[in-house]
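Here's the structure, in C-alpha cells; my notes come after.
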Amino acid sequence: MPYSLDLRKRVIDFVEGGGSISKAAKTYQVGRATIYRWLNRVDLAPTKVTRRQRKLDWDALRKDVEQNPEATLKERAQKFGVSISALSKVFKKMKITRKKKN
C-alpha cells in the first residue's frame, strides 16, 4: 500500500526545512531510500500501474488462440518463449478458458 500524500508532503517539508533525512526517516518511520526517491520526483502522488509491459504480447496471443484453438499450453509456451505457468496466468487474466471436446 502506498504512503499517503499527506505523509509524503510532511516528510519532504521536514527535509527541505533543514531536517536531516535520517532524522525524518526515524520520525516518520519511512525508509531513507524512499525519502531520496521522493526528493527526486516532480509529483509526489503515487503512481497507478494498470498493466506492466511484459515479454508476452497479449494481442498476438489472442490472435494465436483464434487461429490455432487446438494448440496445447506447452506448444504455445514454446512458441512465445514463456513458461507454461505464465501462459496459464495470462489466460486467466484474459478470461480465456480451455474448450473441452465432447
Side-chain angles (χ1 to χ4, degrees):
M1 184 187 314
Y3 291 106
S4 69
L5 187 58
D6 180 51
L7 175 67
R8 293 172 186 232
K9 288 180 181 178
R10 283 186 288 159
V11 171
I12 296 303
D13 288 342
F14 179 83
V15 172
E16 288 178 347
S20 71
I21 291 177
S22 297
K23 177 90 171 153
K26 286 182 183 178
T27 304
Y28 295 103
Q29 296 180 349
V30 177
R32 287 180 37 211
T34 302
I35 297 173
Y36 280 112
R37 281 193 299 273
W38 290 347
L39 287 170
N40 291 329
R41 290 178 64 171
V42 176
D43 183 24
L44 288 177
T47 56
K48 176 72 174 163
V49 177
T50 54
R51 187 171 76 104
R52 298 186 187 281
Q53 182 66 23
R54 298 288 188 212
K55 185 177 183 180
L56 189 57
D57 182 15
W58 284 25
D59 295 329
L61 180 61
R62 189 179 309 276
K63 192 177 201 181
D64 185 61
V65 169
E66 291 169 359
Q67 292 175 351
N68 304 315
E70 73 288 343
T72 63
L73 276 177
K74 185 176 181 180
E75 293 168 350
R76 283 191 215 281
Q78 289 174 346
K79 182 177 182 178
F80 286 97
V82 296
S83 67
I84 294 173
S85 62
L87 204 53
S88 295
K89 290 175 185 177
V90 169
F91 279 149
K92 187 173 183 177
K93 287 181 183 178
M94 294 172 73
K95 296 186 174 138
I96 295 177
T97 58
R98 182 175 146 245
K99 305 293 185 212
K100 297 181 182 176
K101 294 181 181 178
N102 292 336

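In this structure, the side-chain contact (heavy atoms from CB on, under 4.5 Å) partners of Gln78, at least two apart in sequence or on a different chain, are Lys74. Remark: Ser85 pairs with Ser83 by the side chain to side chain donor-acceptor pair (under 3.5 Å) rule, at least two apart or across chains.
Using a 4.5 Å heavy-atom cutoff, the side chains of Asp57 and Phe80 are not in contact. Residues Leu61 and Met94 have side chains in contact (heavy-atom distance under 4.5 Å, counting atoms from C-beta outward). Within the 4.5 Å cutoff, the side chain of Val82 has no heavy atoms near those of the Val90 side chain.
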Checklist entry - Checking side-chain contact (heavy atoms from CB on, under 4.5 Å) for the pair Phe91/Val65: CA distance, chi angles, key distance, verdict? => result CA-CA 10 Å; Phe91 279 149; Val65 169; 3.6 Å; yes
Listing, residues 7-17 side-chain donor-acceptor contacts under 3.5 Å, not counting sequence neighbours, or none:
{"from": "Arg8", "atom 1": "NE", "to": "Tyr3", "atom 2": "O", "distance (Å)": "3.1"}
{"from": "Arg8", "atom 1": "NH1", "to": "Leu44", "atom 2": "O", "distance (Å)": "2.9"}
{"from": "Arg10", "atom 1": "NE", "to": "Asp6", "atom 2": "OD2", "distance (Å)": "3.4"}

Would you be so kind as to tabulate the donor-acceptor pairs closer than 3.5 Å made by side chains of residues 18-27, with sequence neighbours excluded?
{"from": "Ser20", "atom 1": "OG", "to": "Lys23", "atom 2": "N", "distance (Å)": "3.0"}
{"from": "Thr27", "atom 1": "OG1", "to": "Lys23", "atom 2": "O", "distance (Å)": "2.7"}

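Judged as a salt bridge (charged side-chain N to carboxylate O under 4.0 Å, His left out), not a single pair has a partner in residues 36-47 (not counting sequence neighbours). Within the structure, every pair that satisfies the salt bridge (charged side-chain N to carboxylate O under 4.0 Å, His left out) test and touches residues 58-67, not counting sequence neighbours, is listed here: Asp64-Arg76, Asp64-Lys79.
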